[in-house]
Every structure is written in structure tokens, then in C-alpha cells.
Amino acid sequence: MSSEPAKIDASLPPILATSWADHIEGINAIGESILTGGWTPTAILAITRGGLIPGAILAYMLDVRRIHTVRIQHYDNKNSRLESGPQFVEETRPFDALNIYTERLLIVDDIIDTGETLKLVRRTAHDYAEEIKVAALYVRSDQKHSADWYWKIEDEWVVFPWAPES
């Protein structure tokens, strides 16, 4: 057994490990903010995979029964950003198949990193909702304007408790 300290790869971003309790607290805080603000969504659109858990919990809190998902890929299996940027996985116009026209759409994700995924989803959902708002557990400091509700500003790489260890 070596007594030398572990070497840290300086090329990797700092990591913030989180717990289920953290995220339940964060989702509850977002839900309470939405409820006290008086805006009620008529549908929730969770960006998969990260928005699934927060989206489901918010749907219960806000008593929203119309829940949809859209699958976007912005990272490869090694957590490296795709050079092509975020893209829809199944098809280019997934909202057509969902038939989700709604008055007030809440888009939910776990984190707004570069903002590119959110831009793609918001731009595509524009024709399907009268009003669109966004909730995310975390936003990067340069993306805080992108969400109507968020729990924390975080510039470290967030490791979610539901994500597999890599």
C-alpha cells in the first residue's frame, strides 16, 4: 500500500459529488418557487436523461399529468462534448410525434452547462407552446439567465447520484 497522495489530473474539471438528499432538496426548492410564483405549467418536457428524475418529481409537486420527454445527446460515453453540438437522437422534429401543444410548457433538465441543449429544445418547442419556462437543478455561472428556476450555480463537474460511476 502506497502512502503517497493520489495524483490529480489537472486537465479534468473539479468534481462535485452529490447525494439523493441534495437533489430532493433542490427539486423541492424549485417546486416551491414555482408554486409561490403563481405560474402553473400545463405540461412538462423532461430532457433525457438528466431531466427525467427532476421532471417526474416536479410533475407530482405541481400536479401536472402531461409529461413528455425529448432525447438529446451532447456528450459521448466518455463525458466529452460532441463536436457537432447537441442533437436530437431519434428524429429531427420529435415534437411533431408527441403532439404536445400546450399553453404553458416547463422544460426540465438536471444542469444547464453550455446552454446549447436548452437552445435547441426551446427553439424546437417554440411552435408547440404559448409560453415556455425552464427549470434546472444546476446552472453554470455564465448560464444563470437561461433558467427561470434553478437551485444552485455550479461550475464544477456535477456527479449525480443516479449516474453510473465511470
Side-chain angles (χ1 to χ4, degrees), residues 16 18 20 22-75 79 81-82 84-163:
L16 173 67
T18 60
W20 280 98
D22 293 335
H23 295 293
I24 297 301
E25 177 186 339
I27 296 164
N28 284 334
I30 290 169
E32 288 298 322
S33 292
I34 293 170
L35 287 169
T36 59
W39 186 83
T40 306
T42 52
I44 290 177
L45 179 66
I47 298 175
T48 69
R49 294 179 304 185
L52 288 173
I53 292 169
I57 295 171
L58 286 171
Y60 277 101
M61 285 186 75
L62 304 173
D63 194 27
V64 175
R65 295 176 184 265
R66 292 185 68 201
I67 306 163
H68 303 282
T69 62
V70 62
R71 187 171 168 216
I72 306 290
Q73 185 170 351
H74 196 178
Y75 292 88
N79 288 328
R81 285 193 192 116
L82 299 174
S84 61
Q87 54 194 312
F88 291 106
V89 175
E90 279 83 17
E91 51 189 280
T92 58
R93 300 290 299 176
F95 297 100
D96 293 340
L98 292 176
N99 190 21
I100 65 162
Y101 185 81
T102 188
E103 294 83 19
R104 294 174 305 280
L105 180 65
L106 178 63
I107 298 172
V108 180
D109 207 354
D110 55 356
I111 188 165
I112 300 174
D113 186 8
T114 65
E116 294 302 315
T117 296
L118 179 58
K119 284 180 196 172
L120 175 64
V121 173
R122 191 188 285 264
R123 182 176 60 241
T124 307
H126 181 72
D127 293 335
Y128 299 89
E130 289 179 22
E131 186 176 8
I132 297 172
K133 296 207 181 245
V134 175
L137 281 168
Y138 296 94
V139 295
R140 300 287 185 226
S141 57
D142 62 345
Q143 294 298 320
K144 61 186 176 185
H145 64 280
S146 299
D148 298 283
W149 298 279
Y150 59 87
W151 182 45
K152 289 186 176 180
I153 297 171
E154 185 56 65
D155 290 324
E156 292 183 358
W157 182 264
V158 179
V159 178
F160 293 94
W162 50 79

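Taken to the nearest 0.5 Å, the OG1 atom of T114 stands 6.5 Å off from the CD atom of Q143. Within the model, atoms CG of D155 and CG of D113 stand 9.0 Å from one another, a figure rounded to the nearest 0.5 Å. Separation of atoms CD1 (I44) and OG1 (T69) is listed at 12.5 Å; rounding is to 0.5 Å. The OG atom of S33 lies 10.5 Å from the OH atom of Y150; values are rounded to the nearest 0.5 Å. Atom CH2 of W149 is separated from atom NZ of K133 by 5.0 Å, given to the nearest 0.5 angstrom.
Considering all non-hydrogen atoms of both residues, R66 and H68 come closest at NH2-NE2, 3.9 Å. Across all their heavy atoms, G26 and L137 have their closest contact at C-CD2, 3.8 Å. When all heavy atoms of L106 and L58 are compared, the closest pair comes out as CD2-CD1, 4.5 Å. Heavy-atom minimum distance, P54 versus I27: CA-CD1, 3.6 Å. A pairwise comparison of heavy atoms in I34 and P41 identifies CG2-CD, 4.4 Å as the closest pair. Residues A46 and G51 approach most closely at CB-O, 3.3 Å, considering heavy atoms.
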* To do: Could you please spell out the steps behind the side-chain contact (heavy atoms from CB on, under 4.5 Å) verdict for D110 and V158?
  => CA-CA 10 Å; D110 55 356; V158 179; over 6 Å; no

* To do: Could you give me the CA-CA distance, side-chain angles and deciding distance for V134 and L118, then say whether side-chain contact (heavy atoms from CB on, under 4.5 Å) is met?
  => CA-CA 9 Å; V134 175; L118 179 58; 3.6 Å; yes

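Side-chain atoms of W20 and I53, non-hydrogen and from C-beta on, do get closer than 4.5 Å to each other. Within the 4.5 Å cutoff, the side chain of I111 has heavy atoms near those of the R140 side chain. The shortest distance between side-chain heavy atoms of M61 and N28 falls below 4.5 Å. Looking only at side-chain heavy atoms (C-beta outward), I47 and V121 come within less than 4.5 Å of each other. Contact of the T18 side chain with the Y138 side chain is registered, since non-hydrogen atoms from C-beta on lie closer than 4.5 Å. A 4.5 Å side-chain heavy-atom check between I30 and V108 finds every atom pair outside the cut-off.
K119 is linked by a side-chain hydrogen bond (donor to acceptor under 3.5 Å, both in side chains) to E116, counting only residues two or more places apart in sequence or in another chain. A search for side-chain hydrogen bond (donor to acceptor under 3.5 Å, both in side chains) contacts involving W39 returns E131, not counting sequence neighbours. Considering only residues two or more places apart in sequence or on other chains, E32 meets the side-chain hydrogen bond (donor to acceptor under 3.5 Å, both in side chains) condition with none of them.
Checking side-chain atoms of T42 against main-chain N and O of R104 turns up a donor-acceptor pair under 3.5 Å.
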